[in-house]
Colleague: 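Got a structure for you, questions after.
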Amino acid sequence: MTVSFFVVLLLSVIRLSTPMFIAGLGNMYCERVGILNLGAEGMMVSGAFAAVLGSYYTGNPWIGVFCGMVGGLVAGALHALICVEFGGLHAISGLGITMLFNGVTKFLCLSIFGSTFTPNVAALQTTKILQGVPVLGKYLGALSPLVYLGGLIAVISYFVIFRTPYGLRVQMVGDDPRTVETAGINVWKMRYSGVLICGLLCGIAGAYMSLGQLDRFFEGMIAGKGMLAVIAVKMGKWEPKGILGTALLLGFFDAVQLQLQINGIIGIPPEMLQLLPYVAGIAVLSLQTGATRLAALDTQYLRNKYKF
Amino acid sequence: GSKPAEPGVTEPAASSTEPAAPAKEWKIGLVAAGKFGDNGLNDALKAAVDAFTADTGIPVTKVEVSELSDHAIHARNFGEQGYDMVIMGGTVSELMPEVLEDFPNTHYILNKGTVDGYDNCTSIQFEEPQAGFIGGAFAVMMSEHLAGVNKVGWIGGMRINDLEMCRYSFQAGAHYAGGQAVESYVGDFQDIAKAKELALQMYGEGMVIVQAFAGGAANGVYQAVESLPEGNYAMGAATGQFNLSPERILASHIIKTDEYFNEVCKKFIAGEMPSGIIKAGLKDGATGIRISPLIGDQIPQEIKDKMAEIEAKIVSGEIVPPTDEASYNAYVAK
Amino acid sequence: MVYAVEMRGITKRFPAVLANDHIDIAIKAGTVHAIIGENGAGKSTLMNILYGLHKPDEGEILINGQKQAFGSATDAIDCGIGMVHQHFMLVPRLTVADNVVLGKEPRKGLLYDRKAAIAKVAEVCSRHNIQVDPAKKVADISLGMQQRVEIVKTLYRGAEIIILDEPTAVLTPQEIDDLGEILRQLKEGGKTIIIITHKLEEVMDFSDDISVLRGGKHIATLRKAETDIPELTRLMVGRDVQLGGRKESAPGKEEALRLTDIVYAAAGRQILKSISLVLHKGEVLGLAGIDGSGQTQLAEIVAGVLTPSGGSVVYHSRDITGKTVAQRKKEGIGFIAQDRQKHGLVMDFSIAENLVLGFQRRPEYCQYKIAVNSKAVISDAQKRIREYDIRTPGEQVRVSMLSGGNQQKVVVAREMGSRPQLIVADQPTRGVDVGAIEAIHNILINHRNKGGSVLLVSLELDELMMLSDRIAVFFDGRLMGILDSATATREQIGMMMVGSSLEGKEGPAS
Amino acid sequence: MKINALKLRLKDALVPLILILIAFLFSAIWISFMGKSPLEAYRALFAGAFGSTSGVVNTVKKSVPIAFASFAVIVSTKANVFNIGAEGQLAMGAFGATMAGIFLKGLPAAVHIPAAILAAALGGMAFALVPALLRVKRGINLLVVLLLMNNIARFLLQFFVLDAFASDNALVPSTDRIMESARLPYLIGPPYRLTIAVLIVLAVAIVLELFFRRSTAGYEMRAVGLSPEAARYAGIDINKYMLLGLLLSGALAGVGGGLEILGNHHRLYIDFSPGYGYDGIPIALLSGGSPLISILGSLLFGALRTGSLNMQAKVGISDEIISVIQGSLILCIAANYFVKYLLNRRRSGKAGKEAGQ
Ligand SMILES: Nc1ncnc2c1ncn2[C@@H]1O[C@H](COP(=O)(O)OP(=O)(O)OP(=O)(O)O)[C@@H](O)[C@H]1O
Ligand SMILES: Nc1ncnc2c1ncn2[C@@H]1O[C@H](COP(=O)(O)OP(=O)(O)OP(=O)(O)O)[C@@H](O)[C@H]1O
Ligand SMILES: [Mg+2]
Ligand SMILES: [Mg+2]
């Protein structure tokens, strides 16, 4: 077990957990304004595909990331329309969005590229400027710039939620939208903003998967990462720190699981290793104490419907 | 380099430039287990029937089916519509006897099927382990040549029987060449990101060649190797997948489905298609290792010779590639 | 003269109800204006319209003579209107300052300036002489304090017109007096105050003018000096109401309930500290105390909803400490929970379904031990609706469609209809209009006169003194003493409620 | 009064129909975008699903597991828990049925089939037990645990099929075949193969309807579902009902998976379920909590899956469009308040006016 072994493992953990925590941060905004989002998967698929399209047509991966954000935003807007405007059922809307965008992206991919995956496009798999850093450059540069962007988003999110007026309002909407409405704040705008930010971040998470980790879009590539983001935000108790921690934990067990397979722990069937991250998740959950809850999560809030 | 194509049914333009219009209105169908555009088995089958259409002008109806239980439904649908021949995946084997009796005039070709004893059914079994064995040996020899490493990687999608057979034979091949294979599974055929991490961890342990055998997730292996410096390589599967990573796939474990099924179709309309189980292996040119047409020149002649030698031994029966744990252990013990 | 508020021809329809029907109302600047009416008369709706939360279907609003069209509460706030709602609009997890500044947060650059928020709130409080600690979490302060926070909220936003919707429903007498003092100061400071309340004594105490609504219509506006409580009652209800139908039959000597050394702790806090009590058959025992003194918990322990940390509950000489709610119901303990919407009723059930809630396993509602006997349930519901005068189109109507008072009647009808021997009633008349209060009082007294016992929790001393035979006064989880209500005075009880025990005046403990 | 009630019923029925219409219109846009005729596509879809005996049979067959998944979700939501884990429980039920089908030997069909169905129910129930206990005993977020459990089920199923109980003589990864005596008898024999699973679905739906409408326990469970606090104050053991709701839900999902094995596949495959467990969720909500109505929804989803095969072969539209139709249908269901809102607004406008007069 050399140093480089640990570094490889660490990089693995970071890469595996990045999409989970970027999307998890998005979900944090969404849930904090009271909207449950089981559609993170769909938003990520949309983002991943749009990012590749953007990069494919312009040759510039950053434009791709921007397109990915727009892609996520479109899915987010749909979720917002249903949950915020029409007072729809959040869980169902989320599942519908995942199904719809899985279908639509596959469908567009087939119509545009004639295959279930796209050609390779300009990507963001490495951070060139960091490769010059002495000693660590080799490792720092090996990560996608989107990983660093993700870290930045986490820090910014911390400040946004706990240190800005907007954050104060977001916190309150998740607890009690009626109170916020009586304070003269537009609850629906708040809710829209949370869901849209979520769409945006899920779009980035999707773009990370298609452009940061790979350099093209494949059908089915999100492979459940969106659902893990849903888990991360709840286990992380709606705080950037916690979400980051949970994502890293799940990523760690996944990386370890892969390592255990490679090092051939004889006698343990691979399927039993593959379920390790999920078992670890349940174990951690059952050790968690003090169930915090957002009082208004997964509730409808409609105009002119309430008694004050 | 993928050409746009319509999913689902592709009605080929019956071109008038064809030498002779077929006398009989042949009705031929292809049922893909999953989706076209997978750069794997289904695309190979599609390529085969497309080539057949191009060669003969006979159109082939293609459908994609993702649900297991729908395959039998299709087998029946095509029979009801009076098709002459239908190419299907072997997964329907168990449900076929009844269909075969109900539609004696339709000939079913089962890719990797197990049905025997019916006049209107041919099961084709590719002897893939043969390719696996050579692949393992090649990987070890090549990585000794490149980096003096005798450990090679093998990444599978899910632990299904097909892959297990190839895994054991690959391992045996590696052992034959004096090396060792490190194997692991992604868990599904889709999670490219995880496949990539798995591959990166393998390369990180010093391996320089990893064989990908994971359907769509194989792309993760190619993406991994491309992110690494020169000198690290991958091996592909299916029809070669060289287009997926032109500069890093040295050689591929292949089943020549594309060529083989074109031949099958031609044989059928010529009335020469036998029934029962047909084994297709190295000696028929149906499986084997294909060296990259793009970077294959990096392989020294010495290794190529060695591979030819192994191939001859397999064809002659001197080497019987193992296909499961028991036969592997027996092989190693020898 | 220019009115601070003029509302002309205001009409508001909700699905199936006409909540406000062409209401014209004018409020003079610098006065306290009370709005009264039965449950569901449309008071809150009218005020929500004034505050911009609802849009009227018809009518117009003038503020200081200017016509206004409010799109949202923001518009109203900008116009100098503030509102304190019937249910407190506070987020318990956050601090007082956070709650107050919400929507108008002081900033430092892009960030929220929490320090400035605390300073500003403290400044507003001291200017208006209101005692609140801005840095405390709302979860940690008393209801009276929360009420003050609500008022500070409106003042912080620079409100000149302050609406209070049933501000006293949850306050203790002491807190009500404090509130009156604050209101007087605000009025002197030139603010206009609109107050909704069901307590007519307060109306006479606080207000200058009084408007009465009934069935969504404006009935009258009167000067306080020119009216009295009976007239207001008549205007509200449309008939005379006789509160205080107290019957002077002596309580029995048989013990119905004996509590010994009841201790209850939650979240590391001692809520009940060794309480011992006896309740006799044919007796009403009132539990008095500031809200949060532990009387609600005691009631819930008797009902079986809470499990005490120590002590025993003996009912008709049987120890029922470990018994479940269901078993206690079977033994004849009825419970009118404080929060009818949350605890008393399944709001999405029909009236009929709610009327058997908790008694669904009784043989008369059950067929073959497993099936609901719908025929019996329905005919029984129809009978109860008649008997308890529940105003509804039918027994299949969802209770959520009923007004608060009628919802309460459903709860009372259910618990009383089960023929209990002991009824535990936790604030049974909270937020209920006079007509319904009269009905509920009569029901409780009748129960007592027939030899049943009542454990009555109420925050209103008048109610307690009117209904109870004896009054047990709580302070901070302790029993300060038990008084005979025939001889006790308001002042005595009030003193004990804030912690000064009256040596020697304690009633017999058994 | 009678007529009014009838009108109300019609309106309730109208809502889902409008939703379905919107979803199909939306998908028509996509189909024309592909350069195909939506009309022709839908005709092929319909013909495939209902146009022939085999079409109808296949539609019905596919609706069986979907219906059970939706029953599972209905039961759980009645008890105030949201069972998003039906997919995993379905898989474990299938596993249970397979085990009983393979290893219980020498039983007559009349005993073996019920035993295998019971095993399926136990399988699903056992898999719901961990989340249920974590929820009831420790108040842990059920959604998270159930989502994790779905992932665990996926790998457990792989392990069972590929390793522990892998069949030696099948090229397709699967277990051995179940005994003849465990296979469900046919109502319509080969080639159609419609088994008595259909009758079981109907029977279970009726039993559930009766349970919720008529039984005291059903009444109590509904009270817990609508207002747990009020139920607790009324002396109903809410933990018991949450536990019961989730376990019953797991059992129902398990039976759905089990019937799929006992009736259709006769052996366990890794991907025998293309997401039936998730299909059940929107249907449960579309049905407004009525098991009988959810059967209609399941038939719709089954028809989509069956008809898409024909649509592919006849019109050349790949079955992504089914994801699109289903996805938009689900979104419409989620937004069903929108339609109700429109209908309500008309009604309330009228009511308001009447009240005003
Ligand atoms: N948002 C709403 N939707 C539907 N109906 C409503 C709504 N708000 C109030 N109502 C109805 O309008 C009527 C008037 O209600 P409102 O709350 O204004 O009465 P109130 O006079 O404040 O009663 P209370 O004294 O109990 O507080 C009631 O019948 C009520 O059921
Ligand atoms: N959106 C709504 N739809 C239908 N009915 C409603 C709605 N909002 C409120 N109501 C009903 O309006 C009725 C009138 O409310 P009312 O103010 O009389 O009760 P209440 O006073 O709220 O009780 P409390 O004072 O304890 O809160 C209530 O029964 C309530 O359930
Ligand atoms: Mg009110
Ligand atoms: Mg009220």
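Reminder, nothing fancy here: chain letters follow the sequence lines and each chain counts from 1.
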Colleague: Does NZ belonging to K330(C) count more than 12 external heavy atoms closer than 6.0 Å?
Modeller: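 For K330(C), atom NZ is not crowded (no more than 12 foreign heavy atoms under 6.0 Å).
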Colleague: Do you know which of A303(C), S374(C), G358(C), A371(C) has the most heavy-atom pairs with chain D at a distance under 4.5 angstrom?
Modeller: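 If we count pairs closer than 4.5 Å to chain D, A371(C) comes out on top.
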Colleague: Run R232(D) and V305(C) through side chain to side chain contact (heavy atoms under 4.5 Å, CB included) and show every step you take.
Modeller: CA-CA 8 Å; R232(D) 187 168 75 84; V305(C) 179; 3.6 Å; yes
Colleague: With distance as the sole test, does Y233(D) use its side chain to make a donor-acceptor pair with the main-chain N or O of K342(C) at under 3.5 Å?
Modeller: no
Colleague: Could you walk me through whether R214(D) and Q367(C) pass the side chain to side chain contact (heavy atoms under 4.5 Å, CB included) check?
Modeller: CA-CA 10 Å; R214(D) 290 287 155 81; Q367(C) 275 172 323; over 6 Å; no
Colleague: Is it the backbone or the side chain of F335(C) that comes under 4.5 Å from a heavy atom of chain D, or both, or neither?
Modeller: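 Answer is side chain: those atoms of F335(C) sit under 4.5 Å from chain D.
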Colleague: Between E229(D) and D339(C), does the side chain to side chain contact (heavy atoms under 4.5 Å, CB included) criterion hold? Intermediate values first, please.
Modeller: CA-CA 10 Å; E229(D) 273 300 280; D339(C) 188 336; over 6 Å; no
Colleague: Looking at chain D, which one of D348(C), N373(C), N354(C) has the largest number of heavy-atom pairs inside 4.5 Å, strictly under?
Modeller: D348(C)
Colleague: Is L357(C) close to chain D through its backbone or its side chain, or both, or neither, when contacts mean heavy atoms under 4.5 Å?
Modeller: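 Both the backbone and the side chain of L357(C) come within 4.5 Å of chain D.
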Colleague: What part of Q327(C) gets closer than 4.5 Å to chain D, counting heavy atoms only: side chain, backbone, both or neither?
Modeller: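 Neither the backbone nor the side chain of Q327(C) comes within 4.5 Å of chain D.
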Colleague: Looking at every heavy atom in both G235(D) and A326(C), which two are closest together, and how far apart are they?
Modeller: O-CB, 3.6 Å
Colleague: Let's go through T216(D) and V372(C) carefully: what are the C-alpha distance in whole Å and the side-chain angles of both, what is the deciding distance for side chain to side chain contact (heavy atoms under 4.5 Å, CB included) to 0.1 Å, and is it a yes or a no?
Modeller: CA-CA 5 Å; T216(D) 310; V372(C) 176; 4.1 Å; yes
